[in-house]
2 protein chains.
Amino acid sequence: MLSQAIQDYLKTIYKLEEDGTVSTTAIAKELNISGASVTGMLKRLASMKLVDYNSYKGVRLTNEGRKIALEIIRHHRLLELYLREALGFPLEKIHDEACRLEHVVSQDFLQKIEEILGNPEYDPHGHPIPSKDGDIEISNEKPLVNFRNGDVVIVKRLSDHDPQMLSYFEKMKILPSTIIRIVDKAPFNGPITVFFNGESQIIGNEISKNIFVELYEEKEEN
Amino acid sequence: MLSQAIQDYLKTIYKLEEDGTVSTTAIAKELNISGASVTGMLKRLASMKLVDYNSYKGVRLTNEGRKIALEIIRHHRLLELYLREALGFPLEKIHDEACRLEHVVSQDFLQKIEEILGNPEYDPHGHPIPSKDGDIEISNEKPLVNFRNGDVVIVKRLSDHDPQMLSYFEKMKILPSTIIRIVDKAPFNGPITVFFNGESQIIGNEISKNIFVELYEEKEEN
DNA sequence: AACAGATTTTAGTCCCATCTAATTTCAAAT
DNA sequence: ATTTGAAATTAGATGGGACTAAAATCTGTT
């Protein structure tokens with residue numbers, strides 16, 4: 001069994017990898033540890049063939065490393081959903097709890113909750129849940145702020161970095177599947193007036209960068 | 001936060017404490033580690049005021065140490081019950097899973113599952129669940145083997161050390177609350193014929209030492 | 001081409017929790 | 001009272017994973 005520390009490194013590298021190779025400093029920041037510690041661990045991970053590492057040039061996951069990262073992410077997202085659906089956790093508390101549980105739950109446990117949840121595809125923030133084999137949907141939603149007046153969009157995913165922001169989303173009832181019409185974007189990166197759930201709301205420009213949406217295609221009645 | 005190792009030591013010492021002070025070797029056996037390691041840790045625990053420790057004379061929990069041990073045991077037993085009741089785990093698998101989860105679940109998590117379980121008093125093996133303040137029922141049931149022909153007893157608790165035995169109990173439907181009549185004890189520590197759930201069964205002498213029961217007092221109809 | 005500043009790595013330390021081997025202490029029996 | 005065998009402790013080592021301080025490397029700018 002890989003240590004919790006190693007699992008956390010792999011998970012972090014996976015998340016950061018969207019922007020090409022991953023720098024020592026980026027990992028250090030994400031995990032709140034010193035750069036020197038990261039260098040040390042990257043060498044270990046490289047010797048275990050979990051990452052490809054070149055001094056001063058950053059790091060990438062190997063296939064093996066990615067597989068493990070996705071396994072942990074699978075645990076995390078299933079747990080988040082279970083905490084929310086079965087235990088009624090508020091959105092802003094699920095992340096931390098899942099971060100601790102993800103390293104210790106057994107396959108039996110995961111199988112049970114997956115069944116109970118009905119083989120879900122997305123976690124409560126809208127992230128896709130990797131399959132047992134490590135397949136994961138590639139999603140390409142964009143931040144709300146990128147869209148234009150009059151656009152009607154559907155929320156696909158919320159950024160989950162800031163618990164307070166999540167708490168705000170929950171209070172506002174801005175959640176995955178929410179359908180939003182952009183009424184007005186104030187100039188100079190000002191607030192955005194939107195319409196959803198039957199009323200107008202104003203949301204800040206910064207926050208709107210953390211709501212990831214797609215253009216909403218009206219479905220035909222059947 | 002105390003390390004998982006420390007939590008495990010305290011839990012183990014608590015369990016062994018029924019027989020007065022606890023020896024280094026007993027702890028070592030229980031945790032599957034060397035005696036030398038235990039001596040080292042006992043010194044640390046003593047310096048943290050979690051145990052009273054005298055070289056060569058064994059160890060006892062302080063009140064503070066006992067409080068923490070009971071907290072962990074509370075986690076463990078609530079989790080065992082939840083795994084069984086809510087997730088349908090088989091009896092023999094709940095212990096290991098709970099051992100891993102008990103160190104990482106939050107108070108929020110425990111509160112939720114306690115609610116869902118309806119503030120239970122016993123875990124699936126029949127052990128009392130400590131309260132939040134660390135109060136725990138003192139129970140005084142005796143092994144089935146101690147009773148005599150004709151006695152009618154109620155199962156209070158099953159020994160949870162051997163998963164295979166638990167699996168056997170489950171298959172036999174010998175569980176806490178089961179009412180058993182002792183029909184015949186074969187001589188020379190032979191097997192015991194018992195009657196319960198409408199049929200006779202024969203159980204081995206060894207196994208009967210792991211079923212803890214009390215004399216059953218017939219309740220009046222009301 | 002060389003320098004400045006940021007990034008990264010090296011060198012050396014620390015703490016936790018374990019280990020083995022060697023030694024000490026205890027307690028029971030002669 | 002001495003011996004002896006078990007139990008416990010000490011001594012010293014190891015690996016994991018973090019740290020700080022110092023040195024090395026990279027990159028962008030002049």
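Quick note on labels: first sequence line is chain A, next is B, and so on, each numbered from 1. Below, each value reflects all heavy atoms present in this structure, side chains not excepted, and no hydrogens, waters or symmetry copies.
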Requested in this report: Provide, to the nearest angstrom, the distance between the CG atom belonging to N54(B) and the P atom belonging to dT24(C).
Outcome: 21 Å

Query - Under 3.5 Å donor-acceptor, R60(B) side chain and T21(B) backbone - result: no

Sequence neighbours left out, cut at 3.5 Å: what donor-acceptor pairs do the side chains of residues 86-98 of chain B make with other protein atoms?
{"residue": "K93(B)", "atom": "NZ", "partner": "D108(A)", "partner atom": "OD2", "Å": "3.0"}
{"residue": "H95(B)", "atom": "ND1", "partner": "H76(B)", "partner atom": "NE2", "Å": "3.2"}
{"residue": "E97(B)", "atom": "OE1", "partner": "S106(A)", "partner atom": "OG", "Å": "2.5"}
{"residue": "E97(B)", "atom": "OE1", "partner": "R100(B)", "partner atom": "NH2", "Å": "3.3"}
{"residue": "E97(B)", "atom": "OE2", "partner": "S106(A)", "partner atom": "N", "Å": "3.0"}
{"residue": "E97(B)", "atom": "OE2", "partner": "S106(A)", "partner atom": "OG", "Å": "3.2"}

Query raised in the report: Which whole-number value in Å describes the distance from Q4(B) CD to dC15(C) P?
Result: 22 Å

Query raised in the report: Over how many whole Å does the gap from Y56(A) atom OH to dG28(D) atom C1' extend?
Result: 18 Å

Report task. For L2(A) and dG15(D), give me the distance from atom CG to atom P, rounded to whole Å. Result -> 18 Å

Requested in this report: Mind checking salt bridge (Lys or Arg N to Asp or Glu O under 4.0 Å) for K209(B) and listing every partner two or more places apart, or none if nothing turns up?
Outcome: E206(B)

Query raised in the report: Taking OP1 and OP2 of dC19(C), is either one under 4.0 Å from a side-chain nitrogen or oxygen of S34(B)?
Result: yes

Query raised in the report: Can you tell me how far P of dA18(D) sits from CD1 of I6(A), to the nearest Å?
Result: 10 Å

**Report entry** Polar side-chain atom of D123(A) near backbone of E80(A) as donor-acceptor pair, under 3.5 Å
**Finding:** no

**Report entry** Distance test, side-chain N/O of Y9(B) to OP1/OP2 of dC16(C), below 4.0 Å
**Finding:** no

Query raised in the report: When the distance from CG of L42(B) to P of dT10(D) is rounded to whole Å, what number comes out?
Result: 11 Å

Report summary line: Atom CE of M1(A) and atom P of dG15(D) are separated, to the nearest Å, by 21 Å

Query raised in the report: With sequence neighbours left out, what residues match E170(A) under salt bridge (Lys or Arg N to Asp or Glu O under 4.0 Å)?
Result: R84(A)

Query raised in the report: Does any pair with a residue in residues 154-168 of chain B pass salt bridge (charged side-chain N to carboxylate O under 4.0 Å, His left out), and if so which ones, sequence neighbours excluded?
Result: E141(B)-R157(B)

Show the distances under 3.5 angstrom between N or O atoms of the protein and N or O atoms of nucleotides 10-14 of chain C.
{"residue": "dT10(C)", "atom": "OP2", "partner": "K43(A)", "partner atom": "NZ", "Å": "2.4"}

Query - Rounded interatomic separation in angstrom, taking CD from Q7(B) and C1' from dC16(C) - result: 15 Å

Query raised in the report: dG16(D) phosphate, OP1 or OP2: any side-chain N/O from S3(A) under 4.0 angstrom?
Result: no

Requested in this report: Could you please name the option among dT9(D), dT9(C), dC19(D) that lies closest to any side-chain atom of T24(A)?
Outcome: dT9(C)

Requested in this report: Tell me, please, which residues at least two apart from H75(A) pass ring-ring contact (aromatic ring centres under 6.0 Å, His included).
Outcome: none

